[in-house]
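One structure is given below, encoded as structure tokens.
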2 protein chains.
Amino acid sequence: MNIKQLSKKLGLSITTVSRALGGYSDVSQKTKERVKKFAKKYKYSPNLNASRLASNKSNTVGFVLPLYGLNANQLNQSSFFEFIAGMSKKLNNENIHFFMFFANNAEEEKQAYNKLIFVEKVTKIILHNLKTNDDRIKLLTKNKINFVTWGRTKDLKNYSWVDLDNQGSIELIMQNLIEKNHKNICYINIAENYNFAYQRKQGYLKSLKKFNIKYNNKYYITIKNEEPTKSANLIKNLLIKNKKITAIICSTEYTAVGAIKACNELNIKIGKDISIVTFDGPVVERITTPALSAIVHPREQLGIKAVEMLLSMGDINYKHQNFMAKPRLIDRGTIHKVSK
Amino acid sequence: MNIKQLSKKLGLSITTVSRALGGYSDVSQKTKERVKKFAKKYKYSPNLNASRLASNKSNTVGFVLPLYGLNANQLNQSSFFEFIAGMSKKLNNENIHFFMFFANNAEEEKQAYNKLIFVEKVTKIILHNLKTNDDRIKLLTKNKINFVTWGRTKDLKNYSWVDLDNQGSIELIMQNLIEKNHKNICYINIAENYNFAYQRKQGYLKSLKKFNIKYNNKYYITIKNEEPTKSANLIKNLLIKNKKITAIICSTEYTAVGAIKACNELNIKIGKDISIVTFDGPVVERITTPALSAIVHPREQLGIKAVEMLLSMGDINYKHQNFMAKPRLIDRGTIHKVSK
DNA sequence: ATTGACACCCAAAACGTTTTGGTAAAATAT
DNA sequence: ATATTTTACCAAAACGTTTTGGGTGTCAAT
């Protein structure tokens, strides 16, 4: 069933049918309803290719998912799923399409963005995994693509973003630990060229300052290759050399796996001899006894907000917005009190 | 740059340019090359909407990813990523598009398939998470959609599939365990209405028979809600009541988390007092000391094969094919030898 | 010299929408 | 009663491709 056949059935012109379905005001209420009823009855759904061609609007949000590096064989995949779940909830409601490219390496990722813009002619994109300086922002701005980022660059100019409160969440952990008399707190971060890692470091440093604890550079480690066995060894070394350490904060679930492994091998009791706190790990959180304490973020909400912003960008008087998710610290019992 | 402008630059008709780029034989080799050179030079890429409208071909493979149930907040997300990585490698090469819907519940999932067929007008779909009897196969067959399934129904009639060797992989584990004198082997499965769970059960039973071990119904459990704490409690109970158990096979990584937790809490040493084997868990595998032994599947290869089949379905003399991935058992040291 | 086959090219139609630029009739204002 | 505005509709053009159904010129065979 196409619009021509439908209009014939209705005894109306193609124009009127199209405009009735589009909700235009130059069609009477009565006709609109009749058209919609018929469309439903005959299961008419406009040919998207024709519609997009004619209107020159894609009504599609683009997204590139890297399947390598930070995201490959790693746990934070679940964070993507949550974010995507949020996006798709909003998009399904609004009847907007969602087009995703998958990139198996950096080259494909770059290509994917170009394809989104120049081949798919998508005009709305959600960007994520931001670097402290991110070329993609230039590319999108230059080509007049509406975009919202999930994450931030160091320089926050002229774009809309949603993000976790990276700095705030580590401050929350630090405050909690320090209130329990922890002074020798390790933070195992990932490479700082990811801006969220950079922000978390800032939070770590700021908390130390706030509570008058001297920064000890042995206590701050960045791990590039997150392979758990490797991080386990690093952390083992750290614990052997620095007996004073009473708490470890892990930036990713993979690192937390390493920390657990290290503690097990050294026969250090988690939640008794040492506190471990991690970020958003759906599985590892629950593996130890007691279960790992963790920062939890409403990632789905982030996805919803991002799409909301993106869709409202059509308005002429749209001004750049941002949304920062509130972290929650769930103490499952791996944060212990240290005697003074 | 559109085809009209490009043809003007070339001094050729629109037809010839279109057919040159399409590789038709009624354009001279020389012209073809010239056209392609110009197309590259001026970064011409055909308007997909116009092209699809005119040719009535979508050149798009559809996929529905459920974000609930088995897949939500679970680990086997990584298995999707691997499969998708395979698909996208193949598709990116072939310049075929990949359209994905995300479904947050059963209703949305059903809708998503309908949208793929009737709105997006996709003619090729990859199906997964098959039930032992699966309605979707009827839907697709009825609407003449080409499809390949990842997984199988109980009834294997008239479709092409790729799959893990579920039965074979559990037989592999069983053989390995039994050779090491294990006789009291538990298998923790998930709900049997997923066909892969059903197949694995068959493998379990077959192995027992083969080695003349009597089936003990206390040793076979299915877990519906895979929440690790719950499985941990179930497994704890099991171990307390059945002291003879020397090996546990876990069907999913989440269950393995439960098993690890149970053993830790009961102070049973994994790899010494008890053997644990799991399926394809990228993280949990590596958390224990020694690391969990596991069945590993080449899921990426599965994705590649599925797409290959799907694309070759254009041929008139295509016959249904299937591909079963070979499992590997990686013994990382959690399989111990039992004294006779 | 004529015919047939072949290589190479093209104008126009078609795909199914949306949008433009109207018109006629009805309602309202003068 | 007439002029103006508003309401409700429509024919035709446009979007950028692919496909159809040709055509012309060249070359070899007769």
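This is a predicted model, so every value here is computed, not measured. Every chain is numbered from 1, with letters handed out A, B, ... down the list of sequences.
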Atom-pair distance (CD1 on Ile14(A); P on dA13(D)), nearest Å: 14 Å
Of all pairs that satisfy side chain to side chain donor-acceptor pair (under 3.5 Å), the ones with a partner from residues 106-120 of chain A, not counting sequence neighbours: Tyr68(A)-Glu109(A), Asn104(A)-Glu108(A), Glu108(A)-Asn92(B), Tyr113(A)-Arg136(A), Glu120(A)-His97(B)
Distance, nearest 0.5 Å, that separates CD of Glu308(A) from CD of Gln321(A): 9.0 Å
Phosphate-side-chain proximity, Ser13(A) and dC10(D), N/O vs OP1/OP2 below 4.0 Å: yes
Whole-Å distance separating the CG atom of Asn47(A) from the C1' atom of dC15(C): 8 Å
Give the table of side-chain donor-acceptor pairs shorter than 3.5 Å for residues 2-18 of chain A, with sequence neighbours excluded, one pair per line with atom names and distance.
unit_1	atom_1	unit_2	atom_2	d
Asn2(A)	OD1	Lys4(A)	N	3.2
Asn2(A)	OD1	Gln5(A)	N	3.0
Gln5(A)	OE1	Asn2(A)	N	2.9
Ser7(A)	OG	Ile3(A)	O	3.2
Ser7(A)	OG	Lys4(A)	O	2.7
Ser13(A)	OG	Thr15(A)	N	3.4
Ser13(A)	OG	Thr16(A)	N	3.1
Ser13(A)	OG	Thr16(A)	OG1	3.0

Closest-nucleotide ordering on DNA chain C, the 5'-leading residue of Thr15(A) and Asn49(A): Asn49(A)
Out of dC9(C), dT18(C), dG16(C), whichever nucleotide has its closest atom nearest the side chain of Thr31(B): dC9(C)
Any donor-acceptor N or O pair under 3.5 Å, side chains Ser160(A), Tyr318(A): yes
Protein-nucleotide distance (Arg52(A), atom CZ; dT19(C), atom C1'), rounded to Å: 18 Å
Approximate separation, where rounding is to 0.5 Å, of Arg52(A) CZ and Leu48(B) CG: 10.0 Å
Five-pair end axes of the helix from dA1(C)-dT30(D) to dT30(C)-dA1(D) and the angle they enclose, rounded to 10°: 50°
Flag if over 12 foreign heavy atoms under 6.0 Å of CG, Asn193(A): yes
Over 12 foreign heavy atoms within 6.0 Å of NZ, Lys131(A): no
Interatomic distance where NZ belongs to Lys8(A) and C1' belongs to dG16(C) [whole Å]: 14 Å
Under 3.5 Å: donor-acceptor pair, side chain of Thr60(A), backbone of Ser58(A): yes
Among dC15(C), dT19(C), dC9(D), the nucleotide that comes nearest once only the side chain of Lys57(A) is considered: dT19(C)
Protein N or O to nucleotides 23-27 of chain C N or O, pairs below 3.5 Å:
none

Test salt bridge (charged side-chain N to carboxylate O under 4.0 Å, His left out) applied to Asp165(A) and Lys326(A), step by step: CA-CA 6 Å; Asp165(A) 184 1; Lys326(A) 254 208 178 123; over 6 Å; no
Give the table of side-chain donor-acceptor pairs shorter than 3.5 Å for residues 297-307 of chain A, with sequence neighbours excluded, one pair per line with atom names and distance.
unit_1	atom_1	unit_2	atom_2	d
His297(A)	ND1	Asp280(A)	OD1	3.4
His297(A)	ND1	Asp280(A)	OD2	3.4
Arg299(A)	NH1	Asp280(A)	OD2	3.1
Glu300(A)	OE2	Lys89(A)	NZ	2.5

Atom-to-atom span, NZ of Lys4(A) to C1' of dC10(D) - whole angstrom: 15 Å
Per Ser51(B) side chain, nearest of listed nucleotides dT18(D), dT17(C), dA8(D): dT18(D)
Integer-rounded Å distance: dG16(D) P and Asn56(A) CG: 7 Å
Atom-to-atom span, CG of Leu12(A) to C1' of dC9(D) - whole angstrom: 8 Å
Leu53(A) side chain, from C-beta outward: closest of dG16(C), dC10(D), dT17(C): dG16(C)
Side chain to side chain contact (heavy atoms under 4.5 Å, CB included) between His128(B) and Phe80(B), intermediate numbers included: CA-CA 10 Å; His128(B) 57 96; Phe80(B) 273 106; 3.3 Å; yes
Phe63(A) side, atom CZ; Ile125(A) side, atom CD1 - distance, nearest 0.5 Å: 11.0 Å
Value in whole Å for how far the P atom of dG16(C) lies from CD of Gln5(A): 8 Å
Touch class at under 4.0 angstrom, heavy-atom based, for Ser18(A) against every strand present: base
Members of residues 19-26 of chain A that approach DNA chain C, where some heavy atom sits under 4.0 Å away: Arg19(A), Tyr24(A)
Nearest to side-chain heavy atoms of Ser55(B), which nucleotide of dT17(C), dC9(C), dT19(D): dT19(D)
Of the listed nucleotides dT18(C), dC9(C), dG16(C), the one nearest the side chain of Val27(B): dC9(C)
